[in-house]
Amino acid sequence: MAKEVKKQIERLRNEIRRHDYLYYVLNQPEIADQQYDKLFSELKSLEEANPQFITSDSPTQRVSEQPLEGFKKVEHAVPMLSIDNTYNAEELRAFDERVAKGLDGRNYDYVVELKIDGVASSLRYEKGVLVLGATRGDGTKGDDITHNIRTIKAIPLRLTGDVPDVLEVRGEVYMPKKAFQKLNEEREKQGESLLANPRNAAAGSLKQLDAKITAKRNLSFFAYALGEVSGKFAKTHYESLEKFKKIGLPVNPNIKKAENIDEVIEICDKWKNKRFELDYQIDGLVIKIDQLNHYEILGTTGRAPRWCMSYKYEAERERTKILSIDVQVGKTGILTPVANLEPVQLAGTTVKRASLHNFDEIDRLDVREGDTVVIEKAGEIIPQIVEVRKEFRPKGAKPFPKPQVCPSCGEKIQIIGKKRTGKKEEIAHKSEYTHAYICTNKNCTTLLKERLNYFVGRDQMNIENVGPSLIEQLVESGLVKNLADIYKLEKEDLLGLERIADKSATNIIEAVGKSKHQPLWRLIAALGIRHIGGEFAQVLASSFGSIKKIQDASLDQLTQVLAPALKVKDPKKREERQKRAKSVCEYFKNPRNNMIVNDLLGYVKPEPPEKTSKTNKLTGKTIVVTGSLKNFTRDEIKQTIKDNGGKVSSSVSKKTSFVVAGDDAGSKLDKARQLQVKVIDENKFLQLIQKKPKSKKKSGFLWE
Ligand code: IVH
C-alpha cells in the first residue's frame, strides 16, 4: 500500500514538473490551470497524509516556513565575472577588432542576448537537484540565498534528462514590470517608500531572510551562462543554451546568432525601441563569442572576459520644462510637491506630471518653476526628474519656497523628520531621513475632503452614492466638518445642495445608513490612521474586538498584536510593524481623534469580527477577481480567498484557476475568455466556499 502511495506521489510530481516545463521553458502549456491546480492539490494532500514521503525537491516544497537568522557566505567554484560596456557601433567594432586579433585568424560567431536588468545569480545542481542558490557578491564570494531562489517557480528544483553530476548555471533573477508596478502600488497604500526600479526590487526581494516574503514578489529567471560543470556540456554557447532548455531551465526566447559585427549592430538597433514592449526591463544587449573553446584563448581583462561585451542603452530620457509646481495635501496631511510638465513622449506614454516626492528632493535637485529638466522613467514606469539643466534656467527663477502654511487652509504646518522605510537595496534615495511637511489643521478643507473620500471608499466604509463631488459640496457648504458628520446628515440637508434631487437624496441617506453595520475592521481602516490599511485593520479588529479596546491599548499591547515577537523575527520587518503600532498609539493619543471616533460610535455600530470560517476549499487555486461585487469589497473577497486556502492574483494568465466576475468586468474578463479560463459569478463563489450545513437537530431534520 505504502509503496503504491509513494509511486503515486512520484507520478504526480513528475507530471507537475512536466507541466512546469511546458509553461516556463517552452511557453506552451498543455493543460488549463484548473487541471494543474488539481494535480497540485492532489499531491499536497497525499504528502500531508504521508509526510514520510516528502522530499525537498517536491514541487510543494518551495517556501520554507522558518526565516533565516542571516546569510551564509559561499565561494563560487568559477568566479562570476562582470562585463565591459559599449555604448555605440564604433565601440562595438573596436571590440570586434580586438576579438579578431586575439583569435588570430580563427573563425568565430556571435550570440546576441538581451541584458536582463535584474540580479545575477548562480544555481548549483548536484545530480540534477538544486542544492544552492547564490548571489554574485564580489564575484568570488556571494550570499547563500537558496531559500529565496527555491520560491521562484521558473527555477526547477530538479532538472530532467541527462545532466552532469555537477552543474552550475548562471542567470538573472528579475521582477517583471507588472509585478514591480503592483508591488509599488501595494507599498504606496501601506505608506511605505516606493522601490526605485525592478532591479532594486528584485535585489531587495532576494535579500529577505523570510522566504515567504520573497515568494510573494513574483520573481522570475532566465539562464544565460555556465559555471562549474563536471564533464563536457557543450561546444558552443548557443548549444549550451539549447541544452539548458532541454533539461528544464528557462532561457530568454530572444536570443540570436550573428555571423559578424554588422549583424550584431543591426540587432542592437532593432531592440532600442522594441525593448519597451517587453514585460521585463532590459538595459542593453550582451554579445558573446559562440565558440566556447575560444574563451581560454581570449582570456579576461581584470574582472571582465574578452569574449563578451555588453551594449548598453542609455535609460530613456527626455527634456521638458516645468510649467509649475503644485503642492498637494494627502489624506494623512502630508504635503507633496508635484511638477506640472510640458507634455512629452517618454518610453511609450505622454508624461505631464512627475512627483517630486518631498521638499528635500526639491533641495537636492535645486529644481525651480520654469526650469528645463531631464526626466526618466524608473523601471520604465514612474516618471522621475533626474537632472536640472541650469544653463536654460529663466532669469529671475527663484528657489521653490518651502511651504510654511498649508496651501489649502493657510494654517501653519508641522515639519517632522521621517525615517525612510524599505530595504537599502530597494529604495530610490539613500539618505535615511526625509522631512515630512504635514498639515494638522482640524479644519483644513482639503485634508478633510481627502479623509472623507478615503472614509467612504470601496475598501473602507464602502458608502455607495457618496463620491468626490458630493463630498466637495458637503464640505464647502459646511454640512460636514468631520467624519462623524456624515452620519448626522438628513434628507433635507441634501436637498438644499445643488443637483441633488429627491431620489438621489434618499439613496445617499440609505447608503450611509447601510454602512453603519459594516464590519469593525472597515471602520478602523476608514479612520485613515497612517500605516494601517485593510490588512492591519483586520488584525486589530480580530485581536481587540472593539474600538474602545484599541483606544485603551498601550503601545506594548499594540506592538504585541501588530508585531508579535514570535511570528515577526526579521528585525527590519519588526521595526516596520512597530511603526504601525506606534502610529495607532499616536492616533488615539490625540484628544480630537478620540472625540471624533467616539462621536462616530454614537452612530456606527460596527459588526464585531466574526470568526471567519477557514476551509481549505480553495487550496492550490489561483483566483482573479474583477468587476464590482455585491457581497464583498476587494479586501474582503481577497481575505476570504486566503482564508479558504486560495491565492489571489491580479492578472489573468493560463495559471489562473478561475475568475470571479462582478458587474462591469472589463479586460480581465476578455482575457479569461481568450485563454479559456473558467469564469464564475459571486454566487457560485459563495457556494464554492460554503461549508456543509450543520445538522439542525432542533428541527428534527437531519442534513447530510
Ligand atoms: S553573461 C561573464 N548574459 O549583466 C559574463 N549577463 O553587467 C557573465 N546580465 O552580472 C554574464 N543579462 O547580471 C550575461 N544575457 C546575459 C545577461 C547578463 C543580464 C547581467 C549579469 C551580469 C551583468 C553584467
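Computed from a predicted structure; not experimentally measured. When a ligand or atom number is given, it counts from 1 through the structure's own listing order. No hydrogens, no waters, no symmetry mates; every other heavy atom, side chains included, goes into these values.
- When the heavy-atom distances from atom 13 (O) of ligand 1 to Glu172, His237, Lys115, Met80 are ranked, the shortest goes to Glu172.
- Near Glu113, with a cut-off below 4.0 Å to any heavy atom, the atoms of ligand 1 are 3 (N), 15 (N), 16 (C).
- For atom 12 (N) of ligand 1, the nearest non-hydrogen atom of the protein is Ile116 N, 3.1 Å.
- Between the side chains of Asn254 and Asn252, at least one donor-acceptor pair of N or O atoms lies under 3.5 Å.
- Under a 3.5 Å cut-off, the side chain of Lys668 and the backbone N or O of Val652 do not form any donor-acceptor pair.
- Geometrically, ligand 1 and Trp307 share no nitrogen or oxygen pair separated by less than 3.5 Å.
- Below 30°, between 30° and 60°, or above 60°: for Tyr110 and Tyr108 the angle between ring planes is above 60°, a perpendicular geometry.
- Contact between Leu114 and ligand 1 is present, with at least one heavy atom of the residue lying under 4.0 Å from the ligand.
- Here the options are Met309, Arg93, Arg306, the test is side chain to side chain contact (heavy atoms under 4.5 Å, CB included), and the partner is Arg98; only Met309 passes.
- For the pair Ile83 and ligand 1, the shortest N or O to N or O distance does not fall below 3.5 Å.
- Remark: Lys257 qualifies as a cation-pi partner of Tyr238 under the 6.0 Å distance and 45° angle criteria applied to the six-membered ring.
- For Phe221 and Tyr174, the ring centers sit 6.0 Å or farther from each other.
- Using a 3.5 Å distance cut-off with no hydrogens or angles, the side chains of Arg18 and Thr160 do not pair a donor with an acceptor.
- Judged by the 6.0 Å distance and 45° axis criteria, Lys243 is positioned over the aromatic ring of Phe233.
- At a 4.0 Å cut-off, at least one heavy atom of Pro305 sits close enough to ligand 1 to count as contact.
- Of the protein's non-hydrogen atoms, the one nearest atom 10 (O) of ligand 1 is Ala120 CB, 3.8 Å.
- The nearest heavy-atom contact from the protein to atom 11 (C) of ligand 1 is Tyr224 CE1, 3.7 Å.
- When Lys288, Arg303, Arg170, Lys312 are ranked by how near their heavy atoms come to atom 3 (N) of ligand 1, first place goes to Lys288.
- Given atom 8 (C) of ligand 1, the protein heavy atom at minimum distance is Leu81 O, 4.2 Å.
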